[in-house]
Amino acid sequence: MELKPISHFYNKRIYIVPPYQRGYSWEQKHIYDLLNDLKHAIKLDANHYTGTITIHKQEETERIGLSQYELFHIVDGQQRFTTITLILSYLIKKLKDVKELKEDATEKEANYIINKGSYLFRYQIDKVSEMFFRSIILEKEDLSTLDENLYTRNLRNGKKAIKDYFKEPQNEGKELEYLVAIEDKLKFNEYIVDSTSDIGVVFETMNNRGVGLSDLEIVKNRLLYLTSKINIKDEEHINIQTINNINTKWAQILRNLTLPTRVLNENTFLSNHWTIYNGWSKDNQTKTEILDKEFTIEKMVDNPSEMITKINNYVNSLAVTSLHWRFINFPREQNSFVEVEDINTRKKIQRVFDKLNRLSNSTVRPVLLSFFGLMKTRPQDLLELAQIAEIFSFRLFSMNKKRSDTGKNDLFRKCNFFYTKYDLENTIKLAKWYLAWYIDNHGDTDRFDLEIEELFTSSKKEGYYTWSGLVYFLYEYEESLRNNEDVKVDYEFASKKNKSIEHILPQNYKEHWKDEVKGLKKDELKRHLHSLGNLVLISADKNSSLRDSAYNIKSSKYANGTYSEIDITANNKTWTCEKIKERETGLLKFLNNRWQLDTDFCNKYPHPNTVEGEITDELSEDFIEEVIEL
């Protein structure tokens, strides 16, 4: 196959990164690797093979001036292609500032970037990214929106990385040299996909040759591949419709999994969806189940019409669930849970899911996901289920340090039933009963008391200060004091325990604290220092300034702090061991009330005898295998 220079790709062609592709993800390292490859090619005066660019020719064309331009979707290689466009844009802009090169640089711009107002490379992942690419990256349009997302930030960082590279002394002033090298020394393979159906074949080939794809990408490739192979007589349009549906829905899925600051793990999403969509067993391996059992070439050959229906149903479900998965992971977004019509109920649901994200919650996520169909009809039931799930997560994993997959076998096994029968009243009653059983049997206070005692008796631990649930507990206490007032401390700061949690009686006490600790033995002192009553959530990093100060100094600072700080200074003129015990008693009472330690949950949420459900209370084999590997 003849290798092509970059100029070959820009011979009356327009390139589009289609919406079903993921956005720009290269980091500085990848960009510098490409630039350094160019540097080496310059020094060695040698060509550099840059890989294969796979493109799909579109039926429509576009007229620019007197010429007709062909349109191509970039199927594979868009990260490299985007980066080369970023580099070309930077180099051309710099060269246009050189008087004697301005005319030639303007001509290059018309070849590679924009010609008579038409963009030759279009970043159509989404509207936000496209407008950002044109205005901020290419600097060809006035900025009309402040909207950004993860991909726009990656583009901005990519542009900065290129600029920084050419600021380095060894690269400064070599813009023309690099532009010539891009045109003369970068060589590519070109593969043109003839039809929409052939995209599936390309993707399946990519998968088979071991390209590093996520499971979600591999599944998409398989679905496209199967669709491309289906031949239903006289109904070729069905294939095209299905491929278009896959691509459209995948664009939605990728957008839903892309949060403002991170991309949700695609494999985790795929696995959670498969658990509710198809069912779960101990030996469940999502990718294997999907590729080797459900969406196979053999099943397609046996019944192509059934396979088309199956593919469309699966893809449609994936797309809907990806939005629900976004709600679970990013409940504070303005439009999350938008199908809940009552605003107050919606806000309560958003708040409880926000709390769940601060806890170990992987066991309850597919259960909750199964009931998102209730948002329109019975949102109060969804809210109550989420509230029980929060109690389940805190009592089992924060209070009692149970293994992270406790309850997984029982809950995951029922998720497909929950998902398919979510609208029946007894179905959600069963889900509540399962959570209730585990709260009663694995969230007991006796285990918690033993856990806390071990934190005090161990020479390597520091009582409540080393309790894994401390930050969440103190933040919830702060929230109970706040009521509807303004937030004074966010959870991101609170989670930095060394900065956000203050020992009122300091660990390294000075002379002015001697009277309060006089006569205490070492173990007794530890009990007071690291007592729950001696720990307070503060609003800013005051530890360094307050640290060993006397109580009257601390108290004056607390007066303008968190609601917890204000509560301490308002109710305590002094701080003694008795005060510490008194406050701990109050905090433990809050713990009891907030997480309903005295409630018989199975009595409150009884088993609906009309629906099958039983407890096996086993560890999952997934967890056992992890332990063995460790």
Side-chain angles (χ1 to χ4, degrees), residues 1-21 24 47 50-98 100-125 127 129-142 155 175-176 178-196 198-199 202 244 247:
M1 184 182 293
E2 180 187 356
L3 296 179
K4 314 284 189 180
I6 193 71
S7 58
H8 163 81
F9 291 89
Y10 281 97
N11 182 16
K12 297 181 180 178
R13 291 179 175 185
I14 293 170
Y15 293 98
I16 298 169
V17 181
Y20 61 80
Q21 292 275 20
Y24 188 65
N47 292 335
T50 318
T52 299
I53 302 296
T54 304
I55 51 181
H56 174 219
K57 186 178 178 181
Q58 304 300 292
E59 292 183 3
E60 64 268 30
T61 60
E62 184 173 314
R63 180 171 292 280
I64 301 178
L66 298 177
S67 301
Q68 204 72 19
Y69 278 63
E70 296 176 316
L71 272 63
F72 290 87
H73 280 181
I74 302 177
V75 176
D76 185 33
Q78 68 107 338
Q79 301 290 339
R80 274 167 292 149
F81 217 104
T82 304
T83 303
I84 290 169
T85 302
L86 296 181
I87 297 170
L88 284 169
S89 175
Y90 173 83
L91 296 176
I92 290 169
K93 184 175 183 295
K94 293 292 289 184
L95 293 172
K96 283 176 71 177
D97 292 336
V98 180
E100 59 271 24
L101 297 176
K102 183 175 181 179
E103 186 177 342
D104 288 340
T106 302
E107 184 180 336
K108 296 294 184 186
E109 185 175 65
N111 289 341
Y112 298 121
I113 307 298
I114 185 171
N115 186 0
K116 294 180 171 60
S118 293
Y119 292 90
L120 304 180
F121 179 88
R122 301 173 184 179
Y123 191 76
Q124 294 182 353
I125 297 295
K127 290 296 183 183
S129 298
E130 173 70 357
M131 294 307 298
F132 187 90
F133 188 75
R134 294 180 177 187
S135 58
I136 301 299
I137 303 303
L138 300 183
E139 301 178 22
K140 291 300 174 187
E141 295 183 9
D142 293 333
L155 287 167
E175 288 83 6
L176 179 58
Y178 275 77
L179 178 59
V180 171
I182 288 176
E183 291 188 309
D184 294 347
K185 301 191 182 301
L186 290 188
K187 303 295 180 182
F188 305 82
N189 281 328
E190 178 187 48
Y191 183 70
I192 299 178
V193 180
D194 293 328
S195 67
T196 304
D198 286 342
I199 293 176
V202 171
N244 289 339
N247 287 332

Taking only residues two or more places apart in sequence or in another chain, which ones pass side chain to side chain donor-acceptor pair (under 3.5 Å) with T83? Y24
Applying side chain to side chain donor-acceptor pair (under 3.5 Å), name anything that partners K108, two or more places apart in sequence or on another chain. E183
Residues two or more places apart in sequence or in another chain: which of them pass salt bridge (Lys or Arg N to Asp or Glu O under 4.0 Å) with K102? none
Could you list the residues that satisfy salt bridge (Lys or Arg N to Asp or Glu O under 4.0 Å) with K185, not counting sequence neighbours? D45
For R134, give me all partners under salt bridge (Lys or Arg N to Asp or Glu O under 4.0 Å), at least two apart in sequence or on another chain. E130, E141
Sorted by chain and residue number, the ring pair (Phe, Tyr, Trp, His ring centres under 6.0 Å) partners of Y123 (sequence neighbours excluded) come out as F133
Check: Y10 ring centre within less than 6.0 Å of F121 ring centre: no
Sorted by chain and number, sequence neighbours left out, salt bridge (Lys or Arg N to Asp or Glu O under 4.0 Å) with K4 holds for E2
What residues form a side chain to side chain donor-acceptor pair (under 3.5 Å) with E70, not counting sequence neighbours? K57
Side-chain donor/acceptor pairs under 3.5 Å, residues 89-98, sequence neighbours excluded:
| unit_1 | atom_1 | unit_2 | atom_2 | d |
| --- | --- | --- | --- | --- |
| K96 | NZ | E109 | OE1 | 3.1 |

All ring pair (Phe, Tyr, Trp, His ring centres under 6.0 Å) counterparts of Y119, not counting sequence neighbours: none
Partners of T82 by side chain to side chain donor-acceptor pair (under 3.5 Å), sequence neighbours excluded? Q78
Residues passing the side chain to side chain contact (heavy atoms under 4.5 Å, CB included) test with T52, sequence neighbours excluded, are Y49, T54, N189, Y191
